[in-house]
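Per chain, numbering begins at 1; letters A, B, ... match sequence-line order. Computed from a predicted structure; not experimentally measured.
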2 protein chains.
Amino acid sequence: MNAGRELSASLEDYLEAIFCIIAAKGVAHAKDIAKRLRVTASSVTGGLQALAKKNYIRYTPYEAVTLTSEGEKLAKDVVRRHQILKDFFTNVLAVDEKLANEGACKVEHSIPPPIVEKLVSFMEFVEICPRGGQQLVDGFRHYHKTGSKENCKRCIVPSLEKLKKGKSKTKGKANMTLAGLKPKQKAVVIRIERRGPISRRLADMGIGRGALVDVERVAPLGDPIVVKVKGYHLSLRKEDAAGIIVSID
Amino acid sequence: MNAGRELSASLEDYLEAIFCIIAAKGVAHAKDIAKRLRVTASSVTGGLQALAKKNYIRYTPYEAVTLTSEGEKLAKDVVRRHQILKDFFTNVLAVDEKLANEGACKVEHSIPPPIVEKLVSFMEFVEICPRGGQQLVDGFRHYHKTGSKENCKRCIVPSLEKLKKGKSKTKGKANMTLAGLKPKQKAVVIRIERRGPISRRLADMGIGRGALVDVERVAPLGDPIVVKVKGYHLSLRKEDAAGIIVSID
DNA sequence: TTATAAAGTTAGGATAGGCTAAAATTCTAC
DNA sequence: GTAGAATTTTAGCCTATCCTAACTTTATAA
Ligand SMILES: [Mn+2]
Ligand SMILES: [Mn+2]
Ligand SMILES: [Mn+2]
Ligand SMILES: [Mn+2]
């Protein structure tokens, strides 16, 4: 037993694989799981039996497997840890995608959840820091590639100007709702207007004033809108998004 | 077998424990190892037998265990990964010491070595970045504690002034040698003067131009001087330290 | 010097998770 | 509708790592 965790690393990987395969192809067959995890089909059967006994999946021999709601919750959590780590490895540490994925899929099982949350928080902060957090990261990538700190010295100037401009603009800046944002825009939550299932869902994830929201996709008519916030990927109906007051930088 | 690694997580922990106990008390007894790793004495015997078979330790029943040179090399590598991760968790992510240590001691076994090197590189860059890398990290810690981005906005100004001063000073700044530094001072390696065993030792660790050196201790007469560089702890004779030209911020 | 106490080892058992080979089931094509 | 192919499961084996209980060795103190 992976001390303190619900599941062992191995069973987390089976669950993660099942979730991802269902997401991609609709149903999860043992063969796909085996291929993805590079184990034999008989090992998969063993894993499925273990997950079924713990009630994370519905398993009938020879049939495709489905996730219980418990299993789906846990699977999403594994996937989230994976994504966050991969994000950090690629976007901050400039690790190439393949290694970042491999590393994330190992580390995801051993890193303590509170440290994952700190990591999310740190990456958010880097994105919004007026001191040029993102540029610091860019500077690091350049430094790492070339060994030169030149770029770092040079780009502080534009970074400052941007900051000053931002400052004077702040007063006249109008707040808006999440429903009005476009893909790739970032915003900070000011407050959540309406009370109800959505605001509770947000609160459960610790999303409130000050949280950074990252718009990922907006469907043709603005409904639904997919955002990333605190490392979670969220799909919101336009109606609900309109209840979230945000401020853009 | 922990795919791609010499040793399993469990055996790495035994090796790490042996190294740390020898460092602290001179000899490693099974009882100390058992206590440290929270396993029974009989499990320790099992671990020692496995390590002995792989030639990482010298083991004779009922006697204290010693590391072979292979074993010591590997143990140091585990300890280094542990330290780097702990450093990152505490100094960048503001994780409390206890959790940082626990997390580091789990993650150390699964994180790919190239990612560890990127992490070292990133932390060094944050420390030397003229854009205020360290202050960005401090800003994050404040943000994390209070949820406020105020501090971040306010301290950009002194950060800038420091940068400007730094810039004008740069021309007149005299480079010095590692031998002239005091404890807690940080410096960046400009070049290594003399060739020989020491410069080769440094080169083996990937230490060259641009590496950040952190002075930890200086003995009464300046000999030896203990520094941290790229996550390694190094003890240098004054004579050798004088051959390393560095620049201080 | 010898009887305890402490430390360490061995024996035996459990669980987890992988594998191969063989059997069972389901799918597919004629 | 049936035979062969593909898929999946079972059986049996292996290694790693932990444990408890019993035994052996070493240390210590009267
Ligand atoms: Mn994984
Ligand atoms: Mn994963
Ligand atoms: Mn460890
Ligand atoms: Mn450790």
Interatomic distance, [X] [atom1] vs [N] [atom2] [rounded to whole Å]:
| X | N | atom1 | atom2 | result |
| --- | --- | --- | --- | --- |
| D32(B) | dA6(C) | CG | P | 16 Å |
| Y59(A) | dT7(D) | OH | C1' | 12 Å |
| L48(A) | dG17(C) | CG | P | 13 Å |
| H109(A) | dG17(C) | NE2 | C1' | 14 Å |
| D13(B) | dA16(D) | CG | P | 17 Å |
| E63(B) | dT25(D) | CD | P | 14 Å |
| I57(B) | dG8(C) | CD1 | P | 13 Å |
| L7(A) | dT15(C) | CG | P | 18 Å |

Listed nucleotide nearest any side-chain atom of K31(A), set dA7(C), dT9(D), dT7(D):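 Looking only at side-chain atoms, K31(A) lies closest to dT7(D).
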
- prompt: Can a side chain N or O of Q49(B) be found less than 4.0 Å away from OP1 or OP2 on dT9(C)?
  reply: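 For dT9(C), OP1/OP2 do not have a side-chain N/O of Q49(B) under 4.0 Å.
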
Practice task
Output all residues satisfying side-chain contact (heavy atoms from CB on, under 4.5 Å) with N101(B), sequence neighbours left out; order by chain, then residue number.
Solution key: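 Once residues adjacent in sequence are excluded, the partners of N101(B) under the side-chain contact (heavy atoms from CB on, under 4.5 Å) criterion are H82(B), K86(B), E97(B).
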
Query - Shortest non-hydrogen contact between A64(A) and V27(A), atoms and distance - result: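 It is CB-CB, 4.3 Å.
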
With sequence neighbours excluded, tell me which residues meet side-chain hydrogen bond (donor to acceptor under 3.5 Å, both in side chains) with Q49(A).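 Here no residue qualifies.
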
**Request:** Kindly assign one of parallel, tilted or perpendicular to the pair F88(A) and F122(B), based on the angle between their ring planes and the thresholds 30° and 60°.
**Result:**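 Correct class here is perpendicular.
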
5' to 3', nucleotides 17-23 of chain D under a 4.0 Å protein heavy-atom cut-off (B base, S sugar-phosphate only, - none) gives SSBB---

Point to revise | Lys/Arg-Asp/Glu bridge criterion (N-O < 4.0 Å) met for E108(A), K106(B) | key: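 Salt bridge flag = no for K106(B) with E108(A).
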
Measuring from I225(B):CD1 to K238(B):NZ, what's the distance to the nearest 0.5 Å?
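It comes to 9.5 Å.
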
